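Beneath this line is the structure, given in structure tokens, with notes to follow.
The structure displayed is predicted, hence computed values, not measured ones.
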Amino acid sequence: MADQFQPTNTTDTRGHWSSRYGFVLAAAGSAVGLGNIWKFPYIAGVYGGGAFVLVYLGCVALVGLPLMISELIIGRRTQENPVGAFQKLHRKGSPWQGAGWLGVAAAFTILAFYSVVSGRVLSYIIRAISGFEGNASQINAQYDAFVADPYSSALWHTLFMLLTIVIVLGGIKQGIERCTRVLMPALLVLLTGLVLYGLFATNGGDRALSFLFEPDFSKLSAEGVLSALGHACFTLSVGMGAMITYGSYMRRDTSIVRDAVTISILDTVIALLAGIAIFSLVFSYGVEPNAGPGLIFETLPVLFVETGRLVSIPFFILLAFAALSSTISLLEVVVSYLIDERGWKRTPATLVMGGVIWGLGVLCAVDSLKVPFRGADQSFFDIFDFIASNYMLPFGGLLICIFVAWVIRSDIRAEEFGSSGALYKTTMFILKFITPLAVLAVLLHGLELLPFMDY
């Protein structure tokens, strides 16, 4: 076990980010996805706005950020995929290697259904170009018909997976980094334009700011706190092997803490900006903010009938960019496993794993295909989503937290952290005692085992 404590020699044979800027954009792209622009606004709307946002920010600082630092420590130290990383840091055949397997499995599972939603986003770009028409019931019926059509859903899922596969085929520098260097700045420009439109071209900007940034804790429930905890993990791409994988391509002259903080801030700012843009529209047309998951595909298109293509086209392009930056990181997790552990070349590894995930995604795209699960007939989309969100991500995050805080040696942590001073000690205290309890609460909630909740 002695050699496990020596950092792996960093060479260009495996591939590394060309610069810190490239890594930050790629990692932020992994974190910034539909969770920021779709899920965050709708769960903030469901759980009361400002109070939820305040709790969410605390969860990012006390849960999401320490977990991201942990994953980057594991990845950069070993220069390996999630499975190989735990094996190298502990020992071959160690039970902790299961945490790496769980990360790969989570990325695999999430991409299967995530690409289906991303395909729907692509299709709505075309609809936005054509122009949304009809009243609320007609637009909702159009969306329901689209989801129920297995051929359309499978087609758009296929197109999105092809985009993802092509980018990952290009490798780290020429594929993922080059793509995110374009996607992330473009995403920020589009989002800034939509925020400015919402604040100055509608009459809902003031209410949106008040709703998001003036906390009313009477509207916040225990369910809302747990949702903030869970989303803080999901939105930063922790627990799914992505940050371990991206961290494994980092060079040793970069600061893990500085980059993790930068990524977390960028991710959070984009989520808040998306909330401002969306709720400015929602409030300007007198729509209730608690529309739930249908906010993007059912509620906003009704409003886009009034605003026209000037708003709807950039909005769905923005969503597509965010989704693509996340799907390439998910595919890279499973591809890196085949490259590192099985000795595959990038092209066959990407095509094989992309093809398998595409096949599972087709099952998720067929909404009418249902199987018994938890006492009811459910689609593969709902099953994969439930398993990944409630079991895989929190359990994987818990194992990573415990491993870095309690298993690997303190001198390794301090060396990768970059110091052993007050900031390091504070972070380790949070990682040892606060983060695991928070993640455990999310896991128990997913298992419906929290005693104070009414399931």
Side-chain angles (χ1 to χ4, degrees), residues 29-31 33-35 38-39 81-83 100-123 146-169 176 230 233-235 237-242 245 293 297 319-320 322-338 348-374 377-396 446:
S30 175
L34 294 180
W38 174 35
K39 190 173 183 179
N81 68 93
V83 175
W101 278 110
L102 186 58
V104 175
F108 187 93
T109 304
I110 292 169
L111 184 52
F113 69 83
Y114 195 94
S115 61
V116 175
V117 182
S118 303
R120 293 171 186 172
V121 172
L122 271 187
S123 75
F146 172 67
V147 172
D149 182 355
Y151 299 104
S152 294
S153 293
L155 172 62
W156 288 104
H157 152 68
T158 300
L159 291 175
F160 208 92
M161 278 301 301
L162 283 174
L163 282 174
T164 303
I165 289 169
V166 167
I167 293 169
V168 175
L169 280 172
I176 297 172
C233 296
F234 181 83
T235 189
S237 290
V238 295
M240 60 185 76
T245 303
F297 294 110
L319 270 182
L324 186 59
S325 65
S326 294
T327 57
I328 58 179
S329 71
L330 292 170
L331 182 56
E332 180 62 23
V333 173
V334 294
V335 167
S336 69
Y337 165 75
L338 287 183
T350 305
L351 293 176
V352 169
M353 296 312 299
V356 173
I357 294 171
W358 167 81
L360 286 177
V362 170
L363 294 179
C364 294
V366 182
D367 190 62
S368 59
L369 184 60
K370 300 182 184 296
V371 295
F373 181 73
R374 302 180 73 241
D377 289 341
Q378 297 190 40
S379 67
F380 280 95
F381 184 105
D382 292 333
I383 293 171
F384 286 7
D385 185 10
F386 182 88
I387 292 174
S389 301
N390 292 282
Y391 301 155
M392 287 181 164
L393 293 183
F395 190 46

Next item on the list: Taking the side chain as every heavy atom from C-beta outward, state whether Leu102 and Tyr391 have any atom pair closer than 4.5 Å.
Entry: no
> Are the side chain of Ser237 and the backbone of Ser30 linked by a donor-acceptor contact shorter than 3.5 Å?
Replying inline: yes
* Distance-only, no hydrogens or angles: does the Gln378 side chain make a donor-acceptor pair with backbone N or O of Ile383 under 3.5 Å? -> no
ring-ring contact (aromatic ring centres under 6.0 Å, His included) with Phe113: of Phe384, Phe160, Phe386, Phe381, only one passes, and it is Phe381
Taken in chain and number order and not counting sequence neighbours, the residues that satisfy side-chain contact (heavy atoms from CB on, under 4.5 Å) with Leu163 are Leu122, Leu324
Taken to the nearest 0.5 Å, the spacing of Leu393 CG from Thr109 OG1 works out to 9.5 Å
With heavy-atom distances below 4.5 Å as the criterion, would you say the side chains of Leu363 and Leu360 are in contact? yes
OG1 of Thr245 to CG of Leu330, rounded to nearest 0.5 Å, is 10.0 Å
Worksheet item: Can you find a heavy atom in the side chain of Val104 that is under 4.5 Å from one in the side chain of Val83?
Response: yes
Just by distance, do the side chain of Ser152 and the backbone of Asp149 share a donor-acceptor pair under 3.5 Å?
no
The reported gap from OG in Ser115 to CD1 in Ile110 (rounded to nearest 0.5 angstrom) is 11.5 Å
Here the gap from Asn390 atom CG to Arg374 atom CZ, rounded to the nearest 0.5 Å, amounts to 7.5 Å
| Can you find a heavy atom in the side chain of Ser118 that is under 4.5 Å from one in the side chain of Leu34? | yes
Residues passing the side-chain hydrogen bond (donor to acceptor under 3.5 Å, both in side chains) test with Thr164, sequence neighbours excluded, are Thr327
Value for CE (Met392) from CZ (Phe108), rounded to nearest 0.5 Å, stands at 10.0 Å
- For residues Trp156 and Arg120, determine if any side-chain heavy atom of one lies less than 4.5 Å from a side-chain heavy atom of the other. no
